[in-house]
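Please read the structure below before turning to the comments.
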Amino acid sequence: MTEKQVRTRFAPSPTGYMHIGNLRTALYGYLFAKSQKGTFILRIEDTDRARYVADAVDFIVRTLDAARIVPDEGPDIGGDYGPYVQSERMEIYKEYAEKLVKLGHAYYCFCDPDENHSTGEFGGYDRTCRDLSPEEIKAHLDNGDPYVIRQKMPLTGETTYFDVLHGNITIPNSELEDQVLLKRDGMPTYNFANVIDDHLMGVTHIIRGAEFITSTPKHVLLYQGYGWELPTFIHLAPVMGKNEDGSVSKLSKRHGATSFDDLVKMGYLPEAITNYVALLGWNPKTTNQEIFSMEELIGAFSLEGLSKSPAVFDYDKLGWLNGEYLKAMSDEEFAERAKDFVENVPDYLEKNWGKLCSLLRTRVARFGEIGEQIAFLIEQPAFDASLYVNKRNKVTVEKAQELLPDMIALLETIDEDGWNNDNLYAKLEAYIAEKELKKGLAMWVLRIAVAGQSITPGGATELLEMLGRKISLERLKKSLANLTAL
RNA sequence: GGCGCCAUCGUCAAGCGGUUAAGACACCGCCCUUUCACGGCGGGUUCAUGGGUUCGAAUCCCAUUGGCGUCACCA
């Protein structure tokens, strides 16, 4: 006996935006399928014409590709169960809706959606259309009256289904309304198309957000109505965002960047985002490993590691993880990819780009921070003399006034050829020894004078090298002038 | 409001009846050090509350509280 081939699917509606929560859903579906040597399907649920977004399908395909989540079947690659875009499957839904009417689990409803038919419990309709005679229905249909097809829910009892994460979930049938299956425009609703397609496409495991927990009994009743085998349900806990007041709510734009694309634009690496998102609601149980390649994720993934409680998206941790990826990257790759995140870099920095990047590597959590990190190298900030004061190194403004002229004089004796970190450092070290100074004291003064800010990527001599002889000396003299003018 | 889901450090989390309640991020301290970062070492009243069950409960049950979801011809 061979186990049934696992088939999972990611079924987004084309909104032109890949929310981190959706990405995670896609990722788990992919990881589970791949870990079981199964098939991962991409299906587009575009049954809401009002919300149609141009090129959204292309966007989804590109985003999944960037995240290295690769479908085995889908709109752009085909497969044996297509089409994979719901708007191209309308005849199928119509056929199955009518079939369900014949089976006695659905009925035609001719109620006007704009008219309030509510007799109490549900808005927009009452159940009178359930009792229409065949003659009445035929009359309406012959007359060309618009209609919807509604699911005929049991009025009593309850429906129970099994969820891998939550166990048995039971909902009283009285909570279930006779939901619309086929809309006036002939399009199916989500709750209908989803079931039809999942069955027709042979989906074995439905991995989706927890927001569907309470509507799943409707789906179950549909499966049962057709006499179809139930798939396995796995409802994922939502991804939350932290509010300013400390409370949490479902991750949304007000929490900052919430789409895969936004994060990439901020300079987080796609592989780091995927890695972080994987850990947000799942853990490998048997190891404390946190850095995972996609292959490793596939190898380590199991449904048991999924969490059933909501997880708060933490930009700090994402930043840390991204930093780990950055540090693991080759110098060349870092320098190359970092270029996309800066503009108007002056020649002298361009020339030393590789060296600058090596200074930046351990100091940025993402590429997007590079711009602000190097701003002072492009233009020296105006700064107050109090910046020279540093308690630990016993630096005072007077000390700065005393040492800076000497150091400038020393630096002027070093020519272009000797203007590099090692040599500058050696020369200054000799000077410091001769004067019996503290290294921290002299270097601090020099660094502040040339940088104009207290925290910098790299030490004094590294900055001197980066800026080059000419600009360094200009900056130092300017700072000295400001100091003596006090 | 009805119905449903959830509840271990600030955050992600391990734990599945007997543990000194892991680990990571963040935070704090120390070390390293030409600042910062990196790196190293160390630190912290975390089991929502109240009842059970049990020799024994973070682990099982119930209630309470809180958070979230859902009640569309949206998905």
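The sequence lines fix the lettering, A, B, ..., with proteins before strands; numbering per chain opens at 1.
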Quantified in whole Å, what is the [atom1] atom distance between nucleotide [N] and nucleotide [M]?
N     : M     : atom1 : result
B/A7  : B/G42 : P     : 33 Å
B/A24 : B/C32 : C1'   : 23 Å
B/C60 : B/U53 : C1'   : 8 Å
B/C61 : B/U8  : P     : 16 Å
B/U33 : B/G67 : C1'   : 46 Å
B/A21 : B/U59 : C1'   : 11 Å
B/G50 : B/C12 : C1'   : 29 Å
B/G40 : B/U45 : C1'   : 28 Å

Donor-acceptor check, side chain of A/Q380 to backbone of A/A449, threshold 3.5 angstrom: yes or no? yes
Backbone N/O of A/L463 and side chain of A/R447: donor-acceptor pair under 3.5 Å: no
Give one of base, sugar-phosphate or nothing for [X], where a contact means two heavy atoms less than 4.0 Å apart.
X      : value
A/T461 : base
A/T47  : sugar-phosphate
A/T189 : sugar-phosphate
A/G281 : sugar-phosphate
A/V312 : sugar-phosphate
A/V248 : sugar-phosphate
A/F313 : nothing
A/T15  : nothing
A/A460 : base
A/T456 : base
A/R361 : nothing
A/Y276 : nothing
A/M240 : sugar-phosphate

Could you state the [atom1]-[atom2] distance from [X] to [N], rounded to the nearest angstrom?
X      : N     : atom1 : atom2 : value
A/L463 : B/C36 : CG    : C1'   : 11 Å
A/N22  : B/A75 : CG    : C1'   : 10 Å
A/Y325 : B/A24 : OH    : C1'   : 14 Å
A/Y315 : B/C12 : OH    : P     : 14 Å
A/K391 : B/U35 : NZ    : P     : 18 Å
A/W320 : B/G23 : CH2   : P     : 14 Å
A/I448 : B/C36 : CD1   : C1'   : 11 Å
A/L251 : B/U11 : CG    : P     : 16 Å

Apply the ring pair (Phe, Tyr, Trp, His ring centres under 6.0 Å) test between A/H140 and each candidate in A/Y108, A/Y147, A/Y107, A/F110; give the one that qualifies. A/F110
Return the 5'-most residue of the pair A/P457, A/T170 with respect to RNA chain B, ranking by each residue's nearest nucleotide. A/T170
Which comes earlier along RNA chain B counting from the 5' end, the contact point of A/I455 or that of A/D46, where each point is its nearest nucleotide? A/I455
Any side-chain N or O of [X] less than 4.0 Å from the OP1 or OP2 oxygen of [N]?
X      : N     : answer
A/N283 : B/A13 : no
A/K285 : B/A13 : no
A/K250 : B/C68 : no
A/K183 : B/A75 : yes

Ignoring hydrogens and geometry beyond distance, is the side chain of A/R447 in donor-acceptor contact with the base of B/U34 at under 3.5 Å? no
Does A/K317 contact B/A26 through a side-chain donor or acceptor facing the base, at a distance under 3.5 Å? no
Do the ring planes of [X] and [Y] sit parallel (below 30°), tilted (30 to 60°) or perpendicular (above 60°)?
X      : Y      : result
A/F233 : A/H235 : parallel
A/W282 : A/F292 : perpendicular
A/F313 : A/Y276 : perpendicular

Under the criterion of centre distance below 5.5 Å and interplanar angle below 30°, is A/Y425 classified as stacked on the base of B/U34? yes
Complement of [N], any strand, by Watson-Crick or G-U distances under 3.5 angstrom:
N     : value
B/A24 : B/U11
B/A63 : B/U49
B/G39 : B/C31
B/C71 : B/G1
B/A57 : none

Show the numbers, then the answer: is there a side-chain contact (heavy atoms from CB on, under 4.5 Å) between A/I273 and A/Y325? CA-CA 10 Å; A/I273 300 170; A/Y325 275 81; over 6 Å; no
If you check the A/Y190 side chain, which of B/A75, B/U34, B/G10 turns out closest? B/A75
Please determine, for the side chain of A/K327, which listed nucleotide (B/C38, B/G10, B/A75) has the closest atom? B/C38
With a 6.0 Å cut-off on ring centres, are A/Y96 and A/F192 close enough? no
State whether A/R361 and A/D331 are salt-bridged, where the test is any N-O pair (Lys NZ or Arg NE/NH1/NH2 against Asp/Glu carboxylate O) under 4.0 Å. yes
